[in-house]
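So the structure is just underneath, and the comments pick up after that.
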Amino acid sequence: MAQKPSIPKGTRDFSPSQMVRRNYIFDTIKDVFRLYGFQPIETPAMENLSTLMGKYGEEGDKLLFKILNSGDFVSKVSEDLYNEKNSNKLTTKISEKGLRYDLTVPFARYVVQNRNDITFPFKRYQIQPVWRADRPQKGRYREFYQCDVDVIGSNSLLNEAELVQIIDDVFKRLQINTLVKINNRKILAGIAETIGEADRIIDITVAIDKLDKIGLEKVNAEMIAKGISATAVEKLQPILELQGTTSEKLTQIEKVIGATEVGAKGISEMKTLFEYLDNFELETEVELDLTLARGLNYYTGAIFEVKSKDIQIGSICGGGRYDDLTGIFGMPNVSGVGVSFGAERIYDVLVQQDSFPKESLEITKVMFVNFGEKEEVYCLPVLAELRKNGVNAEIFPGSSKMKKQMNYANRKEIPFVILAGDSEIEANKFTLKNMDSGEQQLVTSKELIKILS
RNA sequence: GUGGAUGUAGUUCAGUUGGUUAGAACGCUGGAUUGUGGUUCCAGAGGUCGCCGGUUCAAAUCCGGUCUUCCACCCCA
């Protein structure tokens, strides 16, 4: 081998067996989305950098993959700028496109651009890859798929409730036991206001989001380090240590932050949402988690995060309400809410649980062993008939050695093999072999089709 | 972006204080077995030791750089 080929850091090839499993996840998710009246859209892999830049914070801008302009772009850069060697400044001159970083911002752009053709509320789903120039780790890639569902142009909390239903439905079908954590950005804002640090809400939420991971003491230390006053941190303690049922938590927190306008609004929103949820028959556990903060700064209302109860892997789905996402593109006061399913992590959970279905529509169900030209002629009509009946079937191309053909079927995990040689042709029948048990039976073509379809 | 580890047949890994022709297992190909795979036995193919440079009579082994993968931080799905 001369040069070993390779793929870029953080990207992956998917083999047939992996694709069968990935498609199972995507198909399941899509089925549920459709069931709730959502419709698909797709947007380009690349967007104008002006669409992408500044939407994900400083960190996000660094993690954008930028695409070089076509043509002789360097000659258009002035001598001065070139010698300055400032990457940021130079980037704006030599690159004006980038790969999408998530599906939400392109969706917002799409909505603004197509506002006259869209009937609101607009319920869409979108399953496409996104790219981040992050340093890869286990379960973190530079190219990965997101499965977004959003409804935009409706303030109703029924949307939030339906999203929880969708989450419940998807994971019920995938046989994953889940815990849905819900919080509300307005409650967090109310807390920040109450403790006298209203403008520090980002720092506070980023810190308390880590409560699970690093513990109360370190969270407090981080807030102090970020410059939150000691008295404010002190006031925060009873909230962080809040225990009890959802309604108990809401009642208690209301006593603390009910006086603030935004806090009261958040409490009432959560009460309404949980009332809806009480009337649904949900399999998943749902709880109010006041420490749930999620990093994204554009959430303004409900925040969701879903975790597997059996497999420790971080969140497998998350999202929330954003009141003014399209505002940055010149279309203010349009509220949306949505969640995103993390296909890669769901895949890992299903692998660890070993709960992918054994049978798949994408696997060959039966293979004809090829004995030669005369036998081919005998088999081909039945092969066509099987396919007409929706049975995935193939005939081995060419009359290779039996061992090679059987081995092919075995490696491809084809559950049935049909043998038809001289003796079968004479009896006008087929030998059907079950590759799992090794059992064989002599059947007519009609019986064959009946057994396999 | 910061810090740490890693890289040897297709895959998982051995390879001593630098020293002849770099090994194993699994996988692959062929045979034992002209209509029976997943078990067994035999034989065979397959490596610029990640890449570039340096030290040395001599480098898979030591040094520097670079890339990959992994781990932690940051952030996130």
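- When each of A:Y145 and A:S437 is assigned the nucleotide of RNA chain B with its nearest heavy atom, A:S437 is the one assigned upstream, toward the 5' end.
- With a 6.0 Å cutoff to the six-membered ring centre and a 45° limit on the axis angle, A:R132 does not count as a cation-pi contact of A:F65.
- For A:Q18, the side chain to side chain contact (heavy atoms under 4.5 Å, CB included) partners two or more places apart in sequence, or in a different chain, are A:F14, A:S15, A:Y347.
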inquiry  = Would A:Y36 and A:Y125 count as a ring pair (Phe, Tyr, Trp, His ring centres under 6.0 Å) here? Give the steps.
reply    = CA-CA 11 Å; A:Y36 287 80; A:Y125 71 86; over 10 Å; no
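- Using a 4.0 Å cutoff on non-hydrogen atoms, the parts of residues 417-429 of chain A near RNA chain B are A:L419, A:G421, A:D422, A:S423, A:E424, ordered by number.
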Within the sub-3.5 Å range, which N or O atoms of nucleotides 28-30 of chain B have a protein N or O partner, and how far apart are they?
unit_1, atom_1, unit_2, atom_2, d
B:C28, OP1, A:R411, NH1, 2.2

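- Taking atom CD of residue A:Q405 and atom C1' of nucleotide B:G35, one finds them 10 Å apart after rounding to whole Å.
- The neighbour count for A:K309 NZ, taken as heavy atoms of other residues, nucleotides or ligands under 6.0 Å away, is above 12.
- Ion pairing between a basic and an acidic side chain is recognised when a charged N comes within 4.0 Å of a carboxylate O; A:E96 and A:K66 show no such pairing.
- Evaluation of atom-type donor-acceptor distances gives no pair under 3.5 Å for the side chain of A:N410 against the base of B:G38.
- In summary, A:K97 and A:E47 do not engage in a salt bridge, as defined by a charged side-chain N under 4.0 Å from a carboxylate O.
- Comparing B:G37, B:C76, B:G35 against the side chain of A:T431 picks out B:G35 as the nearest.
- Summarising the geometry, the separation between CG on A:N370 and P on B:G35 is reported as 12 Å, rounded to the nearest angstrom.
- Qualifying ring-ring contact (aromatic ring centres under 6.0 Å, His included) partners for A:F304, counting only residues two or more places apart in sequence or in other chains: none.
- Spacing between atom CZ of A:R12 and atom P of B:U69 amounts to 12 Å, rounded to whole angstrom units.
- Taking only side-chain atoms of A:R135, from C-beta outward, the nucleotide of B:A72, B:C75, B:G37 with the closest atom is B:A72.
- We find that CG of A:D13 is positioned 16 Å from P of B:U68, with the value rounded to whole Å.
- In the set B:C71, B:G38, B:C76, the nucleotide with an atom closest to the side chain of A:Q137 is B:C71.
- Remark: A:D134 does not engage A:R142 in a salt bridge, criterion side-chain N to carboxylate O under 4.0 Å.
- Screening residues 401-448 of chain A for ring-ring contact (aromatic ring centres under 6.0 Å, His included) gives A:Y378-A:F430, A:F396-A:Y408 as the qualifying pairs, with residues at least two apart or on separate chains.
- At most 12 non-hydrogen atoms from other residues, nucleotides or ligands lie less than 6.0 angstrom from CD of A:Q39.
- One atom, OH of A:Y408, and another, P of B:G38, lie 17 Å apart when rounded to the nearest Å.
- A:L63 places its CG atom 14 Å from the C1' atom of B:C73, with the value rounded to the nearest Å.
- Looking at residues two or more places apart in sequence or on another chain, you find no side chain to side chain donor-acceptor pair (under 3.5 Å) involving A:K429.
- Qualifying side chain to side chain donor-acceptor pair (under 3.5 Å) partners for A:Q175, counting only residues two or more places apart in sequence or in other chains: none.
- For the pair A:R124 and A:F107, the distance from NZ or CZ to the six-membered ring centre is under 6.0 Å and the angle to the ring normal is within 45 degrees.
- Between the side chain of A:R140 and the base of B:C75 there is at least one donor-acceptor pair of N/O atoms closer than 3.5 Å.
- Of the residues in residues 172-183 of chain A, none lies under 4.0 Å from RNA chain B by heavy-atom distance.
- Remark: A:E375 engages no residue in a side chain to side chain donor-acceptor pair (under 3.5 Å) (not counting sequence neighbours).
- For the pair A:L64 CG and B:G1 P, the interatomic distance rounds to 14 Å; values are reported in whole Å.
- Residue A:K9 places its side chain closer to B:U68 than to any other of B:C75, B:U68, B:C76.
- A:I7 has its CD1 atom 12 Å from the P atom of B:U68, to the nearest Å.
- In RNA chain B, the stems built from three or more successive Watson-Crick or G-U pairs (distances below 3.5 Å) are B:1-5 with B:69-73, B:10-13 with B:23-26, B:28-32 with B:40-44, B:50-54 with B:62-66.
- For the segment residues 19-33 of chain A, no residue has any heavy atom less than 4.0 angstrom from an atom of RNA chain B.
- With distances taken from any side-chain atom of A:M402 to the nucleotides B:A77, B:U36, B:C70, the minimum falls on B:U36.
- At least one donor-acceptor pair under 3.5 Å links the side chain of A:Q405 to the backbone N or O of A:S400.
- A:K403 has no side-chain polar atom (N or O) that falls below the 4.0 Å cut-off from OP1 or OP2 of B:A32.
- A search for side chain to side chain contact (heavy atoms under 4.5 Å, CB included) contacts involving A:K403 returns nothing, not counting sequence neighbours.
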